[in-house]
Amino acid sequence: MSLRLCTRLIHLFTQQYQKLNRHRLIKVLFLASLVIYLLFGQVVSAQTPNVTALIEQGIKDYNAGNFVNAIKNWQEALNQDKNNPSVTAVVNENLARAYQQIGESKAAITSLSAAINDYNTVNNIQQVGRMKSELAQVYSNLAQPRKAIALLCGKLVDKSKSSENQPSQEEKCTPESAEQIATKYNDKRGHVAALGILGEAYRLIGSYDQAIKYLDTAQQVAPESKFLVFNSLGNAYKSRGQLRELQADSAKKAGIFSKEKEFTQNSQKDYEKAYQYFQDSIKLARNEKQPLAEMRGLLNFIQLVSQTNKSKFINNEEFNKALKDALKVLEGLPDSATKVYGAIDLGYLQRDAQGTSPFTYCPTQLVLSGDNEALNLLENSVLTSKKLQDNRLISYANGALGHFWECSPDNEKALNNQKTLNNQKALKYTQAAIIAADSKLSAKDSLYLWEWQAGRILDEQKRKEEAEAIASYQRAFDTLEDIRQDILTAERDVQFDFRDVVRPLYRTLAQSRLDLLGVGAIADEGRAKELSKVVNTIDALKLAELQNYFGNDCILSGLNPKQVGELLEDNSVTFKKTGFLSSIILDGKTGILLQLPNQATKFKWIEDPNQEGEKIVSSDTLQKKIAEFRTGLVKREEINYDTTIASQLYDWMIRPFAKDINPEKVKTLVFIQDGFLRSVPMAALYDSKLNKYLVETYAVATTPSLRLNTPKLRDRSTQKALILGLTKQATIDGKTFEQLFAVPDEISAVESIFPNHTPLIDDNFLPESFQDKLDKTTYPIVHIASHAQFGIIPEDTFIVTGKNQKLTISQLENSLRNLNSKSDSVELLTLTACETAVGDDRATLGLAGVALQVGVKSAIASLWSVTDQSTSELVKTFYANYRNTGMSIAEALQTAQIRMIHAKKLPPSEGVNIMYDHPAYWAPMVAIGNWL
């Protein structure tokens, strides 16, 4: 006999999901109301009545909201009948939905994968496509949009090649993908689901044009679902508007005011489109009597205003009406994830948010601040989450309520007793959030957030056992490290979430450990262990920032799994004459750690010995001094350089370690810098006692992390060079780059040093010709003599090529990626005539990342634009040393810089301009990565 068992209307796009890696509600499930009647297949006559009863009971439990029991019954049905794929397919399918209802994403993945296999077995390919879409949604929810795209389309479309129109033939998905299966079987609902999730996944990786393209196609496929598609389109346009705001800011800093105006106007247009799509979505959802979708539309609309502060196209009356409507709809919603997250979103609603995460700082002014409105919403979210038995919801709701009490407005004016009570409530709810998040690791992406919060609360209570707070910070750090790869690369539109989400936690942990050391109650062995943990924290911070800047995980492909201390031990012979100085900028002060092979780590706060009273130099004072030092070099105001500031910085940063880095034992200093210190040309610090620049005593190099490269001294006798150069004036994005008159001489010199070379000059130097040469031949040396701009966002980072074209960082990455192997990777990439964005310390990440993220071993580049004549002179000497003498890369650069320092002492026959003794001409050139 056959038995058709139909479930209630089950959401294809599962319930609303809180993307905790951004710590604000993202409405990604735009088809949450799209329904599919799912059949429990053909139950063959051989099936036992007990299995049928278990399946039916599971359906009743599911429809009653008792998801745990539904899982129990369906799992038992599977155990009793494992050999009937027509039945197990549908049971696994619905098991996955039940698991998602209680926040068990890993179990949902297992069940969906099993369902795909079962449907393949019975040749139900249409359902295979639908299951791939559901699995893709789960991966997207878990901040793994690339896995989602692989299931939905089979390949990732390069957004740089993406057109504004419909997907081209080249962009067509693979036959086994969910999108193509739906198309082949004319599965309208499956098709719109695949397109919708695909659009959201592309939005999460920052490919907004591609996202909009797929979402536009989705609304054409299923006009009846427009209210759902409109909501998602609103999110896509809002995200693109945010990116264009960043681009406008970058163009402003670079002085390209025409592009600033263009980006600003386009950003405004995107926000206006987002506004209209959200409004239309709300109206359509209301007409269709879809309160969940209406709620999501209202929340998106409200947050568009509060987060972007774009009041030009919306007035207070509209905002207040939307808020009133949202509160009314929320009250009538059935218990659901949307109701929980909606209450939290409204409870934490601010007009002018300080950052992207409401849980990493205390909000200054909540919109719903009267009559305990916000508190009531948060308390109700906790009650609702408990009814739903979803650990993810329980964790998030309790954590949000704990944060409310942590930031209670009463705390500032309250007596000690009241503060204590508030902190106790904060800790109680936060610990409940931790327990729920840690249950089977169902909410690992929120666990670090609440552990961090617990650490702050414990710090505030000023308990005698400071280790309790540090232990919480450490657990938060460990959890975040485990999932960092996903959450930092999940999307590019809010890549600077890093500033208020990741960076503060890492710095807080480092500072807590260092402050604990300052108490002086820790034995030497304990101090060594604590300092080792601080080093690992700082190293992780720098890797995370580099990864976040580029918005992908490429830099992690060659990451050494060992920690810094282990690397020093393993390479003690190789690093025998090398010292490593790591900086960490903390709240109000800056620390320096010195590591030497086979020696204990040394740590010192930057202090001014000539300062009365408190000796520690504040981070603000240091930053101003650094800016003054760098500005003086860049402007080259004095012919005879005044070394006063350079000497002061040397005394603050280098002299405290003078005994440990005796020049007889240490020949090279490798700097692993933090924040604004990355832009410091350390070679130009001045030792007033010896009347020498730092580079005259030590070879100097820099790297973001020792774990990114494995330094080795390599054979350079037969290396082949690809030489690229631009001599002509060029205009890129409205900005004019001057003609480089000394480049021909520079190229000629490099060609003579590397007889086995291939030149691409001026009109022959194009992105496609560069790619072609690398495809055909291995070049250990790539020398680029052209303008290079490193913007505050990667989209504004490029190398100027011939015919007024540019080689973007993504194109360079794609060109070099195929060479990333031991046999044919690029050993040295040299960029001359570089130019960095003004006033943003992340620009120097471009210098490091352009090489290291694609496996290039070393890079030589400039911290700022200098005259092409002096750069040419420096590079010629560097290559001669690099090629002929067996020097390390750092030593070859050191020798070239010393030659320019002594320009006035050299005979005229050397042809070195005596002005080049000024550090402005030689100091900006830095060795990055492998210094050997």
Side-chain angles (χ1 to χ4, degrees), residues 8-17 25-37 133 137 188-200 203 208 211-241 269-306 308 310 313-315 317-334 336-339 341-342 345-346:
R8 73 176 177 90
L9 302 182
I10 297 178
H11 300 167
L12 173 61
F13 276 51
T14 68
Q15 290 198 352
Q16 182 74 17
Y17 173 76
L25 188 56
I26 301 175
K27 291 78 192 175
V28 299
L29 309 180
F30 81 98
L31 290 181
S33 298
L34 179 64
V35 294
I36 298 177
Y37 286 93
S133 289
Q137 179 68 78
K188 189 175 180 181
R189 290 183 174 181
H191 196 195
V192 73
L195 290 169
I197 305 169
L198 194 55
E200 283 294 344
R203 185 180 73 84
Y208 308 122
I212 291 168
K213 188 186 304 180
Y214 281 117
L215 292 170
D216 277 336
T217 306
Q219 66 168 315
Q220 294 170 23
V221 171
E224 69 275 10
S225 301
K226 274 189 175 182
F227 68 93
L228 304 165
V229 182
F230 283 173
N231 190 49
S232 212
L233 276 167
N235 281 324
Y237 277 108
K238 173 187 169 183
S239 296
R240 195 171 71 177
K269 289 177 182 177
D270 280 342
Y271 286 135
E272 289 171 358
K273 284 185 178 179
Y275 161 82
Q276 193 58 56
Y277 274 121
F278 288 144
Q279 285 284 64
D280 291 344
S281 175
I282 293 166
K283 291 176 183 176
L284 288 172
R286 190 173 292 154
N287 292 338
E288 295 286 335
K289 296 186 176 2
Q290 296 284 348
L292 292 173
E294 182 184 354
M295 186 68 200
R296 280 186 287 275
L298 284 165
L299 288 171
N300 281 336
F301 177 81
I302 291 167
Q303 290 184 341
L304 172 68
V305 181
S306 64
T308 60
K310 295 297 165 185
F313 55 89
I314 185 171
N315 55 47
E317 185 177 342
E318 284 181 294
F319 177 83
N320 292 332
K321 183 180 183 303
L323 179 58
K324 183 178 179 181
D325 288 344
L327 289 168
K328 182 178 179 181
V329 173
L330 180 69
E331 188 176 353
L333 283 181
S336 60
T338 299
K339 186 171 185 176
Y341 293 133
D345 258 15
L346 292 173

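Quick note: numbers below take in every heavy atom, side chains included, and nothing from hydrogens, waters or symmetry partners. Only a predicted model underlies this, so the values are computations on that prediction, with no experimental measurement involved.
- Counting heavy atoms from C-beta on, the side chains of Lys238 and Asn300 never come closer than 4.5 Å.
- For the atom pair CZ (Phe301) and CZ (Phe319), the distance works out to 9.0 Å, reported to the nearest 0.5 Å.
- Atom NZ of residue Lys226 and atom CD of residue Gln219 lie 5.5 Å apart, to the nearest 0.5 angstrom.
- The distance from the CG atom of Leu298 to the CD1 atom of Ile302 is 6.0 Å, given to the nearest 0.5 Å.
- Partners of Lys321 under the side chain to side chain donor-acceptor pair (under 3.5 Å) rule, at least two apart in sequence or in another chain, are Asp325.
- Between Glu318 and Val305, every side-chain heavy-atom pair lies at or beyond the 4.5 Å cut-off.
- Nearest heavy atom pair, residue Tyr208 against residue Ser239, reads CE2-CB, 3.5 Å.
- How far CG of Leu198 is from OG1 of Thr217: 9.5 Å, rounded to the nearest 0.5 Å.
- Take Leu333 and apply the side-chain contact (heavy atoms from CB on, under 4.5 Å) test, not counting sequence neighbours, and it matches Pro291, Leu292, Met295, Val329, Leu330, Thr338, Lys339.
- Rounded to the nearest 0.5 Å, atoms CG (Leu215) and CG (Leu228) are 11.5 Å apart.
- Annotation for Glu294 and Ala285: closest pair N-CB, 3.6 Å, computed over non-hydrogen atoms.
- Atom CG of Asn231 and atom CD of Gln290 lie 12.5 Å apart (nearest 0.5 Å).
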Please output the side-chain donor-acceptor pairs of residues 276-284 that fall under 3.5 Å, not counting sequence neighbours, one pair per line with the distance.
| unit_1 | atom_1 | unit_2 | atom_2 | d |
| --- | --- | --- | --- | --- |
| Gln276 | NE2 | Asp280 | OD1 | 3.1 |
| Ser281 | OG | Phe227 | O | 2.7 |

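- Minimum interatomic distance between Ile212 and Ala236 (heavy atoms only, all atoms of both residues): CG1-CB, 3.8 Å.
- Legend: residues meeting salt bridge (Lys or Arg N to Asp or Glu O under 4.0 Å) with Lys188, ordered by chain and number and at least two apart, are Glu224.
- Taking both residues in full, the closest heavy atoms of Ile197 and Ser133 are given as CD1-O, 3.2 Å, listed atom of the first, atom of the second, then distance.
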